[in-house]
Number of protein chains: 2
Amino acid sequence: MGKRLPKLPMSRFDDVVSSPTIYDVARRAGVATSTVSRAFSTPGRIGEATRARVLDAARELGYEPNPHARALTSRRTQTLAMVVSDITNPHFFELIRGAEMRAKAARYTLVLVNAEESPRIELEQVQRLSRSVDGFLLAASRQPAENLVKVAAEHPVVMVNRQVPGLASVVVEHTEGCRQMVAHLASLGHTSVVYLAGPPNSWMAASRWAAIRDAAAEYGLTAVRAGPFTPTVGHGGAAADAAIRTGATGIIAHNDLLAIGVLRRLADRSVRVPGDVSVVGFDDIFAADLCSPRLTTLGGAHANVGRAAVEILLESIGAPRDLRPVPEVALPSELVLRDSTGSPGSTPREDHS
Amino acid sequence: MGKRLPKLPMSRFDDVVSSPTIYDVARRAGVATSTVSRAFSTPGRIGEATRARVLDAARELGYEPNPHARALTSRRTQTLAMVVSDITNPHFFELIRGAEMRAKAARYTLVLVNAEESPRIELEQVQRLSRSVDGFLLAASRQPAENLVKVAAEHPVVMVNRQVPGLASVVVEHTEGCRQMVAHLASLGHTSVVYLAGPPNSWMAASRWAAIRDAAAEYGLTAVRAGPFTPTVGHGGAAADAAIRTGATGIIAHNDLLAIGVLRRLADRSVRVPGDVSVVGFDDIFAADLCSPRLTTLGGAHANVGRAAVEILLESIGAPRDLRPVPEVALPSELVLRDSTGSPGSTPREDHS
DNA sequence: CTGAAAGCGCTAACAG
DNA sequence: CTGTTAGCGCTTTCAG
């Protein structure tokens, strides 16, 4: 018992009156430290009565396990990292919200990282956090697949809104969604669509374009792609101009932000929506219902995506590496019809400015 | 050197090939472990040449300090927690974004917690994280001031968009902002305003009401308060009805979300904005520029608030407890004039439904 | 400026 | 089911 007497190295400031440890609890409860440990970490492998005694002692002392000491030996941190490609995009809001809530419910802590659209920052931060978290949620990663596979070899990872062969992922279904989108446009009488593409290294951008092209072929529309564009409102101007130039009457923007920017530019150029052209977006962000005209968009319950991703990650953490499940979940999307789509008028588009 | 031979307790799964430690680096560089430690944590107190040698060895081995081991002895975690009252509110987006970026720049990790408008969850989470983070950013805390003082006695804390005597805080200036708001309404010819209040335990709500009331007195308007309302779009309906009932022509909603909900309800009831009544909000969220009519609102650079809060927190962490600065920073707000405010028409409001 | 040594608080064999 | 014991990887006196 004299063991714990030696002078402690002081923390820099005598700020914190050092809190009770398992030793204090053990002494008070009259058990070994390992028993205290078990009472907290493996409640199954300890006698009911002993456990109660330990818990009492702990409460009386105001004992709380030290997460770092715990992590140091057990290598479990009870922390998850979510790295998003661009925190500026409201779309991620929902994702983050869902993930945070699910993590909290599981008594996990959620660390948030903004990769600022940079694959380098993304990797750097994953690297930096690799010892601090139990697993990663990689949302809309801009990383080449090979790097992701490497990361996944070292840590539990679940991809969000991106699929990589061999890795767990949660996406909102978009192949069928894009089909519906194109079908909707076709049924309105459009014969041509343009996809205003997202970032060049965006898996989603490639994936959506493929789906749109296929659907267009199926419905007998011509489809072209313009861009890539940074999917923000600000870049909607250039995107709109590019769209007009293609002569297509169906404009499919990479996301709602870009679509809203397109809408603005179109209004400035006196191109009527949906009279002259129709515009659709992706994500169904809050603002899509507020802009004018209100935006038709492919939505999906993104909070659920965040939630599901955390759930899968948690399972993955609990499982031995080789038995680790690699589910590819696709949550349903839903085409939300609003006012930015309609039949293209017979009047040719022209610039009234 | 035989020290490190004994069988290591295996991690549950032989997942991770245990990474190099200071021991490995020390051996390779031919120095003591303490020297390796110094090379990373106190670069000043070590010879230039030695340091270089250690760093080389570390690089060759791919060594990365283990944050938990570090935290265990040093009690510094390089992690900050940001707890927001309601992650659902886009307003916090900006705050979070600013905080994340500043934290990342300082090589700190940002943990995100959603208090879901519950003071209990708020406190619970602070408690839970108290050993895992170096300090707290408490955004729009719903906590009684006394509890906050207690928390701040135990950890570095900076309040965001809330002031508590004796605690560090960053807010966007609103007293003057409310004055401008009321002045704007007065100059338009309004003679009465109603404040649609936010949550009962919201400091902001109390603070804004006080400022509005004072400003109204100053400009000779009558001011009444209605509510409290949960400041979401969904609750805008009831808020609008309450506002109409007061007969005031100047409607000041607690935030943009509520204001947008009010706008909707007003449109449904065929109350013209700004013909019959004017509506103003707070925060200048993205959607405020998109709704119709576009919303006049009191904005401010919220990302800067997040950034500033992190900066202050970082300083606070570096300082001994009693010398800890307690700045109360107020960043400028800005009244953004848009289309939801105008002169009240002579036609009495009526329900055309 | 550098090395030796003693822990930080906890978990995980290993016995019993 | 419970106790003993040896570390996890790092920081920090304390000497030199």
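Each chain gets a letter, A, B and so on, in the order its sequence line appears, and its residues count up from 1.
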[X]/[Y] ion pair, N-O < 4.0 Å:
X	Y	answer
A:Arg307	A:Glu311	yes
A:Glu122	A:Arg142	no
A:Glu94	A:Arg97	yes

Checklist line | Flag, side chain of A:Lys104 to backbone of A:Thr109, donor-acceptor distance under 3.5 Å | finding: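 Checking the backbone N and O of A:Thr109 against the side chain of A:Lys104, no donor-acceptor pair under 3.5 Å is found.
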Note to self: Tell me if a side-chain donor or acceptor on A:Thr42 pairs with a main-chain N or O of A:Arg45 at a distance below 3.5 Å.
What the structure shows: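 Checked: no pair found.
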Which is true for [X] with a 4.0 Å heavy-atom rule: it touches a base, it touches only sugar-phosphate, or it touches nothing?
X	answer
A:Ile22	base
B:Glu64	sugar-phosphate
B:Val31	sugar-phosphate

[X] [atom1] to [N] [atom2]: how many Å, rounded?
X	N	atom1	atom2	result
B:Arg76	D:dC10	CZ	P	15 Å
A:His68	C:dG7	NE2	C1'	17 Å
B:Leu72	C:dC8	CG	P	9 Å
B:Arg75	C:dG9	CZ	C1'	9 Å
A:Arg45	C:dA13	CZ	P	9 Å
B:Gln78	D:dT11	CD	P	11 Å
A:Arg27	D:dG3	CZ	C1'	16 Å
A:Phe40	D:dT2	CZ	C1'	17 Å

Checklist line | For B:Gln127, all residues meeting side chain to side chain contact (heavy atoms under 4.5 Å, CB included), sequence neighbours excluded | finding: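 Scan of B:Gln127 (side chain to side chain contact (heavy atoms under 4.5 Å, CB included), adjacent residues dropped) gives A:Glu64.
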Note to self: Check the phosphate of D:dT11 against B:Arg70, side-chain N and O only, distance under 4.0 Å to OP1 or OP2. Yes or no?
What the structure shows: yes
Next item on the list: Respond yes when some side-chain nitrogen or oxygen of B:Thr35 is under 4.0 Å from OP1 or OP2 of C:dG3, and no when none is.
Entry: yes
Next item on the list: Could you walk me through whether A:Val160 and A:Val171 pass side-chain contact (heavy atoms from CB on, under 4.5 Å), step by step?
Entry: CA-CA 6 Å; A:Val160 178; A:Val171 301; over 6 Å; no
Note to self: Contact list please: residues 52-60 of chain B against DNA chain C, heavy atoms, distance less than 4.0 Å, in numerical order.
What the structure shows: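 Under 4.0 Å from DNA chain C: no residue of residues 52-60 of chain B.
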So if I take every side-chain heavy atom of [X] and compare against [options], which nucleotide ends up nearest?
X	options	value
B:Ser41	D:dT11, D:dG9, D:dT2	D:dT11
A:Asn66	D:dT12, C:dG9, D:dT4	C:dG9
A:Thr73	C:dA12, D:dC10, D:dG7	D:dG7

Is there a donor on the side chain of [X] or the base of [N] sitting less than 3.5 Å from an acceptor on the other?
X	N	value
A:Arg38	D:dG3	yes
B:Ser34	C:dA4	yes
B:Thr50	C:dT2	no
A:Tyr23	C:dC10	yes

Check: If you find the nucleotide of DNA chain C closest to A:Thr42 and the one closest to B:Gly30, which residue's nucleotide is nearer the 5' end?
Finding: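 Of the two residues, B:Gly30 wins.
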Check: Closer to the 5' end of DNA chain C via nearest nucleotide, is it B:Ile46 or B:Arg131?
Finding: B:Ile46
Next item on the list: Give every residue pair that meets the ring pair (Phe, Tyr, Trp, His ring centres under 6.0 Å) criterion with at least one member in residues 48-68 of chain B, sequence neighbours excluded.
Entry: A:His68-B:His68, B:Phe40-B:Tyr63
Next item on the list: Find which nucleotide of DNA chain D each of A:Thr33 and B:Pro65 is nearest to by heavy atoms, and output the residue with the more 5' nucleotide.
Entry: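 On the 5' side of the pair lies A:Thr33.
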